[in-house]
Structures are given as structure tokens and as C-alpha cells.
Amino acid sequence: MQFHHDGFHAGDPDIYKLAKGQKEPMLDMPNEVDVLIVGSGPAGLTLAAQLAAHPDITTRIIDLKPGPMEKGQADGISCRSMEMFQAFDFAEKVKREACWVNETSFWNPNPEKPSEIHRTGRIQDVEDGLSEMPHVILNQARVHDRYLEVMQNSSTRLTPHYSRKLVDLTLAKTEATHPITVTLKRSDAGHEGQLETVRAQYVVGCDGARSGVRNSIGRELVGDKANQAWGVMDVLAQTDFPDFRMKSLVKSESEGSIIFIPREGGHMVRVYIEMDKLANNERISKSDIDVEKLIDATNRVLNPYTIDVKEVVWWSIYEVGHSVTDKFDDVPAKNVETQLPRIFIAGDACHTHSAKAGQGMNVSMGDTFNLGWKLILVLQKRCDPKLLHTYSAERRTVAKDLIDFDHEWSRIIGAPPDPGTSLEETPKFQEYFIEHGRYTAGLSVKYTPSALTGTGDWQHLATGFEVGTRFHSAPVIRLADAKPLQLGHTVKADARWRLYAFAGLKDPALPQSDIKRFCNFLQTSIDSPLQKFTPQKEDSNTVIEVMAVFQQSHQDLDIGAMPDLLRPKVGLLQLTDYEKMFCADQVAGDIYTMRGVNRERGCVVIVRPDQHVANVLPIDNFKELSLFFDGFLITPPENTNRA
């Protein structure tokens with residue numbers, strides 16, 4: 001991590017200096033805000049953590065609950081979400097505390113004694129090379145805690161305003177700067193029933209499946225129910241089942257199915273229990289069943305093994321259902337060309353599905369990781385507000401894909417077991433799990449061509465950095481200090497774009513090397529996106545950060561012979577930033593080989609603020625590079641007269 005660039009920073013570097021004009025603690029609810037977030041679940045906190053880093057944007061986040069979550073609900077964290085957590089600098093904390101899912105076991109009826117189960121397979125949960133991050137299990141409340149810590153340590157000290165219910169939300173048809181009027185009702189002690197009125201530029205509804213924000217813009221969840229109920233409980237228990245600390249999918253002959261998910265702490269396990277089929281229009285709730293029935297059902301499926309539950313930490317009942325709204329913002333499809341979005345919905349407010357695919361929390365966080373940087377750049381007047389249309393366009397496709405996957409996965413999990421599956425045979429649900437490993441790891445998202453994502457015409461220059469997908473990290477050695485690290489970990493949740501210049505074979509120290517000509521263009525040309533879009537008097541990497549990767553060993557290169565652009569001056573003291581140059585790691589893995597980068601020609605990989613690859617270009621294709629950023633960035637007024 002970097003600090004001291006604005007002068008000596010004493011104490012914990014994760015705690016930022018309080019920005020000028022900010023108050024600590026944040027107790028007030030101002031009359032006007034730039035962004036009001038409704039709901040402090042995973043989607044709301046992912047958005048709030050991004051916005052909290054920008055004191056020039058007034059953000060508030062509210063929730064109906066009286067305080068932070070403590071237990072229950074989602075727990076699966078995909079590899080992709082862990083990569084995202086790295087951008088917020090808390091992935092290592094999660095890795096330390098969470099339970100790692102290393103293998104998954106599969107159990108079916110024993111063909112020699114069908115009333116008993118036997119293991120039919122045990123496979124690696126995430127295939128090699130998909131991600132440098134593990135698939136882990138951690139209580140959703142602890143994920144919330146990590147985000148809350150980021151917010152509270154930020155320069156704005158952003159803290160949720162709890163005990164507030166959304167009562168009314170209206171959007172004025174005028175061109176007012178804060179056209180949304182929101183009425184809130186408080187329920188905290190001493191303020192019961194008190195109403196607050198807030199005007200906002202933007203409102204984001206992360207308020208769950210019964211979203212008041214969604215209702216206010218006339219959207220509705222449309223989908224179906226599978227007429228199937230499942231129970232879920234977190235337990236501390238004793239058992240002779242051998243795979244109790246392994247993610248296990250278990251099918252019995254006639255007693256249904258269960259799924260074991262080991263939890264953090266070494267003792268707790270989550271159990272999903274298939275319940276009876278529901279009749280059409282039949283509903284079920286906790287009042288219709290008790291936890292003892294879930295425990296009994298678990299024991300019936302486990303035969304010949306048993307489980308003795310010592311403590312039930314949390315339990316619930318839910319129905320399998322799948323639904324999605326037609327759009328994730330307030331603009332009717334017919335008005336996209338003439339109307340700008342002001343109100344957004346994310347997470348369960350716009351898509352619901354079963355818990356068994358383990359993607360709900362992950363996709364919800366992905367929603368607002370996509371939206372956050374777009375709101376920041378629009379509010380800072382760095383991007384055209386039309387950019388905000390891409391949120392619904394990109395994320396609804398992801399939600400629809402999730403629902404299609406979940407439909408099939410729920411059907412396979414709930415289907416009767418394959419008759420007579422022997423140890424030599426692979427059950428269908430095990431085959432499906434293996435086939436869709438990239439999806440369950442959260443790595444199947446690919447944004448289609450748009451102003452923010454190229455068409456991949458030059459994909460052959462870096463086949464492993466697929467345009468539209470997340471930037472697939474690989475090991476490198478930092479040139480300045482020989483530190484081994486993951487290149488993808490240089491992308492932070494700071495709303496900046498990145499240019500990764502992969503140098504060709506030519507010695508980068510030579511005056512006519514591809515990397516020197518590339519940097520010279522960025523530093524001096526009036527067509528350079530750095531010259532056009534970086535506000536005067538701000539650091540050169542404020543909007544677009546430039547980094548370089550070399551094929552040579554770090555011991556064979558002279559850092560002083562590298563372009564000045566790769567040693568930028570930053571901060572109040574204008575100190576040199578030495579962390580922009582990297583070399584291939586010949587021990588842990590050569591990034592050029594691992595990601596199919598053309599050694600002769602090199603390339604430039606453009607990476608969006610949400611870690612997705614926006615385009616791959618030749619390192620000397622300056623025109624296409626300029627045209628790409630011209631498509632959405634705004635030239636600051638003070639730069640318009642640059643010649």
C-alpha cells in the first residue's frame with residue numbers, strides 16, 4: 001500500500017485523514033445529498049464503500065434495521081467476489097477468518113443398499129488457474145463488517161443511518177439539480193415517528209425483494225416459483241458423517257437431498273434441507289414448521305450416518321423462486337434516448353433466486369461494483385450521464401444468466417438420484433457442477449461491446465485477457481523493489497481506469513522502443529487521453545493510471561532509463577511513485593505465457609474501474625486508444641484550450 005505522498009502519515013495507514021468539511025461521527029441527515037442508498041445489505045455497502053472515498057460527493061445510506069446484521073442469511077463468497085474484495089483491501093482479512101472450500105463431495109444411494117448413502121465422488125472445488133483467490137464461506141454479517149470498516153476509515157467517515165423507513169419517493173419532472181424527494185420515518189429511541197425529507201441527485205434501492213424503491217418507479221419482479229421449499233440451519237453438531245467439514249451434496253433414495261456447507265470457526269456447518277413439494281399457490285413460513293423437523297429430515301437423508309445437533313445458531317425456511325425486473329433503473333425502455341436515469345435498483349430488489357447456487361450475495365455486490373464508479377465519474381463531471389444507462393444494460397444480462405443457471409441447478413439438485421450409481425459412475429449433478437465451475441466461481445460474466453467495452457478486434461495480442469471479462473490476474477515482479485505480487489491487485493476501487501502496457505521484445509531503454517513511444521504519446525500528444533481528460537493541477541494518474549509490464553528480468557533493467565511517465569510525481573509533495581513498472585516472474589509464472597500476450601508486438605490492455613477488460617489494442621495504435629476514451633470521458637473546461 002502507498003501513503004506519505006501528502007506528507008508523513010502517523011498511525012494506521014488504513015485510516016484516512018478526515019476530509020475538510022466532514023464531521024465525525026456522521027450524525028446528521030442533510031437536506032440534500034448526491035446519492036441516497038436505501039438498504040445496508042451487501043449491495044448497498046459495496047456502493048457506499050466506493051462513494052465514501054470521495055468527500056466531494058455527499059452520500060448517505062439508510063436502513064430499516066436498528067443496527068448492523070449479526071448472523072444468518074448468505075455465506076458463500078465466490079472467487080470473483082474475493083478479487084473484488086482485494087480492490088477494497090480486505091481480501092486478506094476475509095481469507096484469514098473464512099472457511100475455504102477446497103473440495104466438494106457427492107453422495108448418492110448405495111446401489112447395494114439403497115436406503116443408505118455412499119460417496120460417489122470428491123473433486124477440487126475450483127479448477128487450477130481460474131483465480132488466485134479461493135472460494136470461501138463467511139457469515140454475511142462479517143462481510144458487512146469489512147465494508148463498514150472501510151467506510152468508517154475513509155476520509156468521509158460514512159456510517160449508515162439505521163432505524164429509517166422509506167415512506168415516499170418522488171421524482172420531479174423539472175431539471176432541478178436534486179430532483180428526487182425522499183421522505184423517511186425514524187424508529188430509533190427518542191425519534192419514533194419523526195419524518196425527514198431529503199432531496200437527492202440519485203437514489204439507489206438496495207432494499208431487498210420487497211423493495212420500496214422498486215415499487216416507487218413502477219418496476220415489478222416477474223418470474224416463477226418451483227413449488228419447492230427448503231429449510232436452512234446453521235448448527236454446532238457431532239456426527240460420524242466423514243465429509244462434515246467438506247462442502248457435500250447428498251441425495252437419498254426417498255428422503256430428499258441435503259447440502260452441507262462448512263462455516264468459519266472450524267465447528268459450525270450450514271445445512272440445506274429439501275422439504276416436501278408445495279401445491280400450486282401454497283406458501284410456507286417458519287410458523288408452519290419447527291427446527292426439530294429439519295434435524296429429523298437431515299438424519300433420515302444421512303442414513304447410515306447420524307448427526308447430533310448441540311446448538312442451532314440460526315434457521316429459516318424459504319421457497320425456491322426465480323424473478324427479475326425488466327430494467328434496473330427508472331427510465332422506460334422507450335425513453336432511453338431522451339431520459340437519463342436517476343433511480344436505480346440492485347441486488348434482490350431486481351433479481352431473486354434460490355440460495356443453493358451460492359450466487360445471490362455475490363451477484364448483488366457485483367451490481368453495485370458496476371454502478372459505483374459510474375456514479376462517481378458522472379458526479380465528478382468526468383463522464384457523460386448517458387453512461388449510467390449501461391448499468392441496467394450490463395447487469396440485467398448477468399441477472400438473467402444467473403436465473404437461467406439457477407433454474408437448471410435447482411432442478412438437478414431436486415431431481416431423484418440416478419438409480420444404482422456405482423463408485424465408477426458420475427452422477428448427473430456432479431457432472432453439471434464440474435461443467436459449470438467457472439460460473440459458480442463468479443467468473444463467467446462477460447460484458448458485450450458498448451462505449452465501455454471494445455469488440456475484441458485485437459484479442460489475438462493477449463488471448464488470456466478476454467475483452468468484456470474480468471482482468472485475470474497473474475504473478476509479476478515489481479521493478480523498483482523486486483517484490484513479487486499479483487498484477488490484478490494493482491486495481492483498486494477508486495473509480496480510475498488503467499492502461500497496462502505490455503512491452504514487446506525490444507529493449508525498453510532504447511529511444512525507439514515501443515514502450516517509450518507509447519509513453520511519449522501519452523505525455524505530449526494533444527490526442528492523448530491523459531492530456532485531454534486529466535484536470536490541470538492534478539496528478540497525471542488521477543483519471544487514468546498507466547502501468548507497464550516487461551518481459552526482461554527485473555535485474556536486467558535500469559529503472560532510471562524507463563520513461564518518466566512510469567515514474568510519475570504524486571501528492572502534495574510531488575514524490576516519485578515507483579510502483580508502476582513490473583517484470584515477468586520466471587519462478588511463479590511468466591505472465592506473457594500465462595495470458596497469451598504476444599511477445600514480439602506486446603499490447604495495451606485497458607481495464608475498467610470494476611476490473612473488467614475494456615479492450616486490447618496494439619501498443620502503437622494511438623488513434624484507437626484515443627477514440628475509445630473520447631466515447632465517454634469529458635474534457636475538463638480548463639483543458640479545452642490546450643494545444
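Below, each value reflects all heavy atoms present in this structure, side chains not excepted, and no hydrogens, waters or symmetry copies.
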Taking C-beta and beyond as the side chain, do Thr448 and Thr453 meet within less than 4.5 Å on heavy atoms?
-> no
Is there a side-chain contact between Ile591 and Phe502, using heavy atoms and a 4.5 Å cut-off?
-> yes
Taking NZ, NE, NH1 and NH2 as the nitrogens, is one of them in Glu149 or Lys93 under 4.0 Å from a carboxylate oxygen of the other?
-> yes
Ring centres of Trp497 and Phe632 under 6.0 Å apart?
-> yes
Donor-acceptor under 3.5 Å (Arg496 side chain, Asn541 main chain) | yes
Which heavy atom of Arg245 sits nearest a heavy atom of Arg263, and at what distance?
-> NH2-O, 2.8 Å
Is it the case that Asp56 and Gln380 place a side-chain donor and acceptor less than 3.5 Å from each other?
-> yes
Is the side chain of Thr156 donor-acceptor paired with the backbone N or O of Ser154 at a distance under 3.5 Å, no angle test?
-> no
Is there a donor-acceptor pair closer than 3.5 Å between any side-chain N or O of Gln551 and the backbone N or O of Arg599?
-> yes
Under 4.5 Å between any side-chain heavy atoms of Ile515 and Leu566, yes or no?
-> yes
Going by distance alone, is a donor N or O of one side chain under 3.5 Å from an acceptor N or O of the other, for Arg80 and Ser444?
-> no
Decide yes or no for Pro160 and Lys65: does some side-chain heavy atom of the first lie under 4.5 Å from some side-chain heavy atom of the second?
-> no
Test side-chain contact (heavy atoms from CB on, under 4.5 Å) applied to Leu51 and Ile37, step by step | CA-CA 10 Å; Leu51 293 166; Ile37 305 166; 4.1 Å; yes
Can you measure from CG (Asn139) to CD (Glu97) and round to the nearest 0.5 angstrom?
-> 8.5 Å
Between Lys492 and Glu579, is there a side-chain N and carboxylate O pair less than 4.0 Å apart?
-> no
Taking every non-hydrogen atom, the tightest pair across Thr490 and Tyr500 = OG1-OH, 2.6 Å
Do side-chain atoms of Glu466 reach the backbone of Thr463 as a donor and acceptor pair under 3.5 angstrom?
-> no
Please indicate whether His267 has more than 12 foreign heavy atoms, meaning atoms of other residues, nucleotides or ligands, lying under 6.0 Å from its NE2.
-> no
Hey, could you give me the CG/CZ distance between Leu573 and Phe8, rounded to the nearest 0.5 Å?
-> 12.5 Å
Straight-line distance of Met268 CE to Ile137 CD1, nearest 0.5 Å = 11.0 Å
Distance from Phe3 atom CZ to Asp12 atom CG, nearest 0.5 Å?
-> 9.0 Å
Quick one: closest heavy-atom pair of Gly39 and Ile61, and the distance?
-> O-CD1, 3.6 Å
Are the side chains of Arg382 and Pro535 in touch, meaning some heavy atoms are under 4.5 Å apart?
-> yes
Short side-chain donor-acceptor distance under 3.5 Å, Thr542 and Thr534 = no
N/O donor-acceptor pair under 3.5 Å between Arg60 side chain and Thr58 backbone | no
Do His54 and Leu379 come close enough that some side-chain heavy atom pair is under 4.5 Å?
-> no
Heavy-atom closest pair (Val616 atom, Val613 atom, distance to 0.1 Å) is CG2-CG1, 4.3 Å
His135 NE2 to Ser78 OG distance, which is reported to the nearest 0.5 Å = 7.5 Å
Is the distance between the ring centroids of Phe471 and Phe465 under 6.0 Å?
-> yes
Side-chain touch Ile15/Arg157, heavy atoms, less than 4.5 angstrom | yes
Could you walk me through whether Arg595 and Val605 pass the side-chain contact (heavy atoms from CB on, under 4.5 Å) check?
-> CA-CA 11 Å; Arg595 298 294 170 257; Val605 180; over 6 Å; no
Output yes when Glu545 and Lys580 qualify as a salt bridge under the 4.0 Å nitrogen-oxygen rule, no when they do not.
-> yes
Without swapping roles, check the side chain of Tyr16 against the backbone of Ala53 for a donor-acceptor pair under 3.5 Å.
-> no
Judged by atom type as modelled, is there a donor-acceptor pair below 3.5 Å linking the side chain of Tyr439 to the main-chain atoms of Leu402?
-> yes
Between CZ on residue Phe260 and CG on residue Leu249, distance to nearest 0.5 Å = 11.0 Å
Can you tell me if Asp329 uses its side chain to pair, donor with acceptor, with the backbone of His389 under 3.5 Å?
-> no
Could you tell me whether a side-chain N or O of Gln50 sits under 3.5 Å from a main-chain N or O of Thr46, the two making a donor and an acceptor?
-> yes
Could you walk me through whether Arg96 and Glu92 pass the side-chain contact (heavy atoms from CB on, under 4.5 Å) test, one step at a time?
-> CA-CA 6 Å; Arg96 178 179 177 272; Glu92 291 301 319; over 6 Å; no
Listing, residues 364-373 side-chain donor-acceptor contacts under 3.5 Å, not counting sequence neighbours, or none:
from: Ser364; atom 1: OG; to: Gly360; atom 2: O; distance (Å): 2.9
from: Asp367; atom 1: OD1; to: Arg395; atom 2: NE; distance (Å): 2.8
from: Asp367; atom 1: OD1; to: Arg395; atom 2: NH2; distance (Å): 3.2
from: Asp367; atom 1: OD2; to: Gly347; atom 2: N; distance (Å): 2.9
from: Asp367; atom 1: OD2; to: His351; atom 2: NE2; distance (Å): 2.7
from: Thr368; atom 1: OG1; to: Ala43; atom 2: O; distance (Å): 2.8
from: Asn370; atom 1: OD1; to: Lys374; atom 2: NZ; distance (Å): 2.8
from: Asn370; atom 1: ND2; to: Glu394; atom 2: OE1; distance (Å): 2.8
from: Asn370; atom 1: ND2; to: Tyr447; atom 2: OH; distance (Å): 3.2
from: Trp373; atom 1: NE1; to: Asn370; atom 2: O; distance (Å): 3.1
from: Trp373; atom 1: NE1; to: Asp610; atom 2: OD2; distance (Å): 3.2

Donor-acceptor contact below 3.5 Å, side chain Tyr391 vs main chain Ile345 | yes
His489 vs Glu132 side-chain heavy atoms within contact, under 4.5 Å | yes
Which atom of Leu443 lies closest to which atom of Ser131, heavy atoms considered = CD1-CB, 4.2 Å
Please test Asp577 against Asp539 for side-chain contact (heavy atoms from CB on, under 4.5 Å), starting from the C-alpha separation and ending with a verdict.
-> CA-CA 11 Å; Asp577 184 345; Asp539 294 341; over 6 Å; no
Taking atom types as modelled, find out whether Ser473 and Glu83 have a side-chain donor-acceptor pair closer than 3.5 angstrom.
-> no
Just by distance, with hydrogens left out, do Ser211 and Asp207 show a side-chain donor and acceptor under 3.5 Å apart?
-> yes
Nearest heavy atoms of Pro341 and Tyr202, plus distance in Å | O-CE2, 3.4 Å
